Amino acid sequence: MASIAVQIVTYNSADYIEDCLDSVIFQSYPVEKIIVIDNNSNDCIKDVVSHYSNVYFVQNSINSGFVGGHNQGLNYAETDYVLVLNPDVILDKYYIEHIIEFMKLNEKVGAATGKLYRDLESHIIDSTGINIKKNRRAVDRGSGEVDQGQFDNERSVFGVSGAAAVYKREMIDMISEDGQFFDESFFAYKEDVDVSWRARLAGWGICFVPKAIAKHERGWKDNKSRKNISLKTRKHSFINRYFYVIKNDNLFYFLLHFPFIFIYEVTCLVYIIFKEPKLFSAYKLLFKEYKALKNKKKFIQSCRTAPSKKIYQYFKGIW
C-alpha cells in the first residue's frame with residue numbers, strides 16, 4: 001500500500017484546526033504521519049494540537065510563510081505521497097483514498113486535487129484545479145460557480161491549488177532545487193502555480209479527481225476588505241505572478257500572448273495608482289530576486305522534458 005503523510009502549516013489557526021485534523025484522522029485511507037508546522041502563532045494553537053497524540057507538532061520561532069513551513073514539513077516524512085493541506089480545509093472521509101487510487105493507476109501524474117467547495121450546502125465551488133490565462137493570470141477553476149454536474153469528470157488541469165494538493169514524492173524530489181520544493185522567494189501565494197508549471201515542464205501530469213471532496217473556508221473571504229490583509233501578504237500576492245513567469249515562461253509564447261499580457265499590466269498599473277499605491281513597493285521584491293529567479297530558470301530548463309505546445313494548450317482566455 002502506498003504511504004502518505006499530511007502536512008499543515010498554521011498561523012493563528014486555532015479556531016479551525018480541530019475540524020481539519022479530525023477530518024484527516026478519520027480518513028478511510030491510512031495516513032502514516034500528520035505534521036503540523038506552526039509559524040510563530042500568538043494564539044493557543046499549541047494547546048489545541050497537544051490533544052492529538054498522533055500529530056507531530058513543530059513550533060517555529062519565526063513566520064517562514066506557507067512556503068517555508070511546507071518545505072520544512074517535507075523533511076519529516078519519507079512517504080510515497082504528501083498531502084499539502086490548509087488548516088481551514090475539511091476533508092470528506094474518502095478524499096485521500098480516491099486521489100491515491102487515481103494516482104496509482106496513472107503513474108505519470110505527479111499532482112492531483114479533488115473538488116473543493118467554498119459552500120458545501122449551496123454547492124458553490126472554491127477550486128477544481130488551476131487555470132491559467134494568456135495574460136499569465138492564474139485562477140481557481142470553477143471558483144464561485146454553482147456545481148450542477150459540470151465538474152463531475154476526471155480531467156487534466158494546468159495545476160492544483162495548494163489548499164488540498166496531493167504530490168507524488170518522486171515528482172517532489174525531481175523538481176526540488178537546493179532542498180526547496182516550494183520556492184521560498186514566494187513566501188505565500190501562487191507558489192502552487194509555480195510548482196504546477198515546473199512539474200509540467202518536467203513531464204508530469206496534473207489532474208482533477210471529482211470523487212475526492214473537501215470544504216475550504218478561504219482566508220480571504222468575499223466580505224473581507226483588502227485593507228484588513230497585511231501589506232506584506234498583498235505584496236506577495238501581487239508580485240509572485242512575475243516570479244513564476246520569469247522562472248517558467250517560454251519566450252516564443254510570451255511574445256505570442258504579449259497583447260493580452262500588456263492589457264493586463266496596464267489594468268494592474270491603473271488599479272495600483274488609484275487604489276493601492278503602497279503596492280508599488282512590491283517591485284523592490286522583484287528587483288531583489290530577479291537574478292536568483294533567472295538562475296532558477298536554468299535549473300528548471302535542465303529538468304525539462306515536455307514540449308512547449310503540450311503545456312501552452314492550457315493557456316486560454318483573457319480574463
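If you're wondering where the values come from, they're calculated on a predicted model, not measured in any experiment.
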Donor-acceptor pair, side chain of [X] and main chain of [Y], under 3.5 angstrom:
{"X": "N39", "Y": "S64", "value": "yes"}
{"X": "K190", "Y": "S237", "value": "yes"}
{"X": "N240", "Y": "A188", "value": "yes"}
{"X": "Q27", "Y": "D92", "value": "yes"}

Are M171 and F182 co-members of a hydrophobic cluster defined by side-chain heavy atoms under 4.5 Å apart?
yes
Residues which pass ring pair (Phe, Tyr, Trp, His ring centres under 6.0 Å) with F208, listed by chain and number, not counting sequence neighbours:
none
Sequence neighbours left out, what passes ring pair (Phe, Tyr, Trp, His ring centres under 6.0 Å) with Y81? Give chain and number order.
none
Looking at residues at least two apart in the chain, or sitting in another chain, which of them share a side chain to side chain contact (heavy atoms under 4.5 Å, CB included) with [X]?
{"X": "K310", "result": "P307, Q313"}
{"X": "C303", "result": "F299"}
{"X": "Y253", "result": "R136, N250, L256, H257, S308, K309, Y312"}
{"X": "T79", "result": "S3, A5, E32, A77, V82, R169"}

How is the hydrophobic cluster of Y76 composed, in terms of its other members, when Ile, Leu, Val, Met, Phe, Trp and Tyr link through side-chain heavy atoms under 4.5 Å apart, directly or indirectly?
V9, I35, I37, Y56, V58
Which residues, ordered by chain and number, are linked to Y11 in its hydrophobic cluster, where ILVMFWY side chains connect at heavy-atom gaps below 4.5 Å, directly or through other members?
none
For the [atom1] atom of [X] and the [atom2] atom of [Y], what is their distance to the nearest 0.5 Å?
{"X": "S143", "Y": "I130", "atom1": "OG", "atom2": "CD1", "answer": "11.5 Å"}
{"X": "D80", "Y": "K168", "atom1": "CG", "atom2": "NZ", "answer": "8.5 Å"}
{"X": "S185", "Y": "I239", "atom1": "OG", "atom2": "CD1", "answer": "11.5 Å"}
{"X": "K235", "Y": "S281", "atom1": "NZ", "atom2": "OG", "answer": "4.0 Å"}
{"X": "D249", "Y": "L201", "atom1": "CG", "atom2": "CG", "answer": "9.5 Å"}
{"X": "N54", "Y": "I25", "atom1": "CG", "atom2": "CD1", "answer": "4.5 Å"}

Any chance you could lay out the side chain to side chain contact (heavy atoms under 4.5 Å, CB included) test for F187 and K232, step after step, and finish with the verdict?
CA-CA 10 Å; F187 187 76; K232 181 178 181 179; 3.6 Å; yes
Hits for side-chain hydrogen bond (donor to acceptor under 3.5 Å, both in side chains) against S176, two or more places apart or cross-chain, chain-then-number order -> none
Distance-only check: which donor-acceptor pairs under 3.5 Å involve side-chain atoms of residues 283-292, not counting sequence neighbours?
{"residue": "Y283", "atom": "OH", "partner": "Y242", "partner atom": "OH", "Å": "3.4"}

Looking at [X] and [Y], what are the two nearest heavy atoms and their distance?
{"X": "N40", "Y": "S61", "value": "ND2-O, 3.3 Å"}
{"X": "N12", "Y": "S41", "value": "N-OG, 2.6 Å"}
{"X": "N71", "Y": "E184", "value": "ND2-OE2, 3.0 Å"}

Start with the C-alpha gap between F280 and I273, add the side-chain angles, then the distance that decides, and say whether side chain to side chain contact (heavy atoms under 4.5 Å, CB included) holds.
CA-CA 8 Å; F280 274 118; I273 291 172; 3.8 Å; yes
Test item: Y167 and V160 side chains (from C-beta on) under 4.5 Å apart, heavy atoms
yes
Looking at E276 and R234, does any basic side-chain N land under 4.0 Å from a carboxylate oxygen?
yes
Check ion pair R241-E265 (N to O, under 4.0 angstrom):
yes
Got a sec, which pairs hit side-chain hydrogen bond (donor to acceptor under 3.5 Å, both in side chains) with one end in residues 191-204, sequence neighbours left out?
S156-R200, D194-R198, D194-K247, D194-N248, R200-Y314
Relative to each other, are the rings of F186 and F243 parallel, tilted or perpendicular (30° and 60° limits)?
perpendicular
Could you pull out every donor-acceptor pair under 3.5 Å between side chains of residues 105-116 and any protein atom, sequence neighbours left out?
{"residue": "N106", "atom": "ND2", "partner": "F102", "partner atom": "O", "Å": "2.8"}
{"residue": "T113", "atom": "OG1", "partner": "A164", "partner atom": "O", "Å": "3.3"}
{"residue": "K115", "atom": "NZ", "partner": "D147", "partner atom": "OD2", "Å": "2.9"}
{"residue": "K115", "atom": "NZ", "partner": "F151", "partner atom": "O", "Å": "3.4"}
{"residue": "K115", "atom": "NZ", "partner": "D152", "partner atom": "OD1", "Å": "2.8"}

